[in-house]
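The structure under discussion appears below in the form of structure tokens.
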Amino acid sequence: MKFKLSYLAAITLPLLAQSAIAEEKEVQDMSDPLAVYTQVGGSYGTNGINFKLGKTLDTGSPTKMSMVLFEVKSMLGEHVKDDGSSGMNPDMANDGISELRFRKFDVDMTNGRGISMDVIHNFDNNSGTASIGMIQALPKVGFWQAFPIIAAGVQYNDGSYRSADGDSTGLHSDFAFASFTLYNKFQLTDTIWANYNPVYTQAIFGDQVYTDNLKGSDGLTHEFVLSWQMTPTQNFRLWYNTTQNDFEDGDFRLEYNQQF
């Protein structure tokens, strides 16, 4: 019996060790914008309280990864900032949910390319955007790596906000747009990295009220992020989002993320 137990242990222990190593390898780099993993996160800042939940999907391919991501944004915004829920939109302050976001993200690991379908609905003005975009990983240069993102989409409106001629009623599209983002990652240490992500959005065609207000410098926004990877599966991120024409009055938030 001792021989059988010893023999069983000799077989089982290496298998358990291999299983533990395999599980470690499944932990994704949370600083990589192309990483796909099941996650939960929450943040608090000038926009209120935000929550997100991400779930990986089975693609049936070892080289393709996919996930869906749900976000609830700007709860209790009226109590967070005296001027409103946002420095960028101070008149929109309320204690309800301001935005819901649904995103489906697919990555091809063979070429470092991702495709994202993104729908954001804003309850404050009963409108939203639906878009599709592509992100491409570029070669790393020292501690810097860039990930350009191109996207196109439409903004829709339920009729609460009228067009210039005042005739718009019911669900309709305000305008179509194209955007370009340059996601920049700066790996400062093994556990600390920073991002600077400028985003330029241009209205292509649609209601003149909107196309006149989304061109040139009015379409440029900035995002700054400082992140700390506390453990391989936990990090904290400090965000600042602002517009080009009102740089000093943007939105801060502190975010916690947990990978599963």
Decide side chain to side chain contact (heavy atoms under 4.5 Å, CB included) for Trp228 and Thr191; before the verdict, give the C-alpha distance in whole Å, the side-chain angles of both, and the deciding distance to 0.1 Å.
CA-CA 6 Å; Trp228 171 46; Thr191 58; 4.0 Å; yes
Grouping I, L, V, M, F, W and Y whenever their side-chain heavy atoms are under 4.5 Å apart, do Leu188 and Tyr240 come out in a common cluster?
yes
Polar side chain donor-acceptor pair, Asn197 to Thr181, under 3.5 angstrom
no
Once the angle between the rings of Tyr256 and Phe236 is folded into 0 to 90°, is it parallel (under 30°), tilted (30 to 60°) or perpendicular (over 60°)?
tilted
How far apart are the closest heavy atoms of Asp32 and Lys185, and which atoms are they?
N-NZ, 4.5 Å
Step by step, would you call Met230 with Asn235 a side chain to side chain contact (heavy atoms under 4.5 Å, CB included)?
CA-CA 5 Å; Met230 184 173 62; Asn235 66 32; 5.9 Å; no
Gly48 to Asn50 - nearest heavy-atom pair and separation:
O-ND2, 3.9 Å
In this structure, CD of Gln202 is separated from CG of Asp218 (nearest 0.5 Å) by 10.0 Å
Set out, in order, the CA-CA distance, both residues' side-chain angles and the distance that settles side chain to side chain contact (heavy atoms under 4.5 Å, CB included) for Val72 and Leu100, then state yes or no.
CA-CA 5 Å; Val72 179; Leu100 285 180; 3.7 Å; yes
Separation of Asn157 CG from Gln155 CD (nearest 0.5 Å)
7.0 Å
Tell me, please, which residues at least two apart from Arg103 pass salt bridge (Lys or Arg N to Asp or Glu O under 4.0 Å).
none
Under the rule for ring pair (Phe, Tyr, Trp, His ring centres under 6.0 Å), what residues qualify as partners of Tyr200, not counting sequence neighbours?
none
Donor-acceptor pairs under 3.5 angstrom involving side-chain atoms of residues 131-142: please list them, not counting sequence neighbours.
unit_1, atom_1, unit_2, atom_2, d
Gln136, OE1, Arg113, NE, 2.7
Gln136, OE1, Arg113, NH2, 3.1
Gln136, NE2, Asn111, O, 2.8
Gln136, NE2, Gly112, O, 3.2

Could you give all pairs that pass the ring-ring contact (aromatic ring centres under 6.0 Å, His included) test and reach residues 50-72, with sequence neighbours left out?
Phe70-Phe102
Gap between atom CZ of Phe105 and atom OG1 of Thr56 - 0.5 Å precision:
13.5 Å
Using the salt bridge (Lys or Arg N to Asp or Glu O under 4.0 Å) criterion, which residues pair with Glu223? Sequence neighbours excluded.
none
So if you build clusters from Ile, Leu, Val, Met, Phe, Trp, Tyr with side-chain heavy-atom gaps below 4.5 Å, do Leu34 and Tyr37 land together?
no
Under the side chain to side chain contact (heavy atoms under 4.5 Å, CB included) test, which residues partner Phe247, sequence neighbours left out?
His222, Phe224, Thr242
Is there a donor-acceptor pair under 3.5 Å between the side chain of Gln145 and the backbone N or O of Phe143?
no
Considering all heavy atoms of both residues, which atom of Gly41 and which atom of Asn257 are nearest to each other, and what is their separation?
CA-OD1, 3.8 Å
Straight-line distance of Thr46 OG1 to Asp251 CG, nearest 0.5 Å
4.0 Å
Mark yes or no for whether Gln187, through its side chain, and Thr189, through its backbone, hold a donor-acceptor pair below 3.5 Å.
yes
Which heavy-atom pair separates Phe177 from Val154 by the least distance, and what is that distance?
CE2-N, 3.5 Å
Just checking, is any N or O donor in the side chain of Ser127 or Asn122 under 3.5 Å from an acceptor N or O on the other one?
no
Whether the side chain of Thr201 engages the backbone of Ser179 through a donor-acceptor N/O pair (distance < 3.5 Å, no angle test) should be reported.
no
Apart from Val40 itself, what residues make up its hydrophobic cluster when side-chain heavy atoms of I, L, V, M, F, W and Y under 4.5 Å apart count as a link, directly or indirectly?
Leu53, Phe260
Pairs where residues 145-156 contributes a residue and the test salt bridge (charged side-chain N to carboxylate O under 4.0 Å, His left out) is met, not counting sequence neighbours:
none
How would you list, by chain and number, every residue that makes a salt bridge (Lys or Arg N to Asp or Glu O under 4.0 Å) with Lys73, sequence neighbours excluded?
none
Can Met67 be reached from Ile120 by stepping across I, L, V, M, F, W or Y side chains whose heavy atoms are under 4.5 Å apart?
no
What distance do Ser66 atom OG and Ile115 atom CD1 have between them, rounded to the nearest 0.5 Å?
11.5 Å
Residue pairs passing the salt bridge (charged side-chain N to carboxylate O under 4.0 Å, His left out) test with at least one member in residues 60-70, sequence neighbours excluded, are Lys64-Asp108
Between the side chain of Gln229 and the main-chain N/O of Thr231, is any donor-acceptor distance below 3.5 Å?
yes
Interatomic spacing from CG in Asp246 to OG1 in Thr221 - rounded to 0.5 Å
13.0 Å
Short side-chain to backbone donor-acceptor contact, Thr59 and Ser61, under 3.5 Å
yes
Shortest non-hydrogen separation from Asn195 to Ser227 and the atoms involved
OD1-OG, 4.5 Å
Met117 with Val36, same ILVMFWY side-chain cluster at under 4.5 Å:
no
With Glu99, which residues qualify under salt bridge (Lys or Arg N to Asp or Glu O under 4.0 Å), at least two apart?
none
Looking at every non-hydrogen atom in both residues, tell me the closest pair between Pro232 and Val27 and how far apart they are.
O-CG1, 3.5 Å
Donor-acceptor pair between Gln258 and Gln234 side chains, under 3.5 angstrom
yes
Joint hydrophobic cluster, Trp239 plus Met30, side-chain heavy atoms closer than 4.5 Å
no
Taking only residues two or more places apart in sequence, or in another chain, which ones meet Asn184 in a side-chain hydrogen bond (donor to acceptor under 3.5 Å, both in side chains)?
Trp144
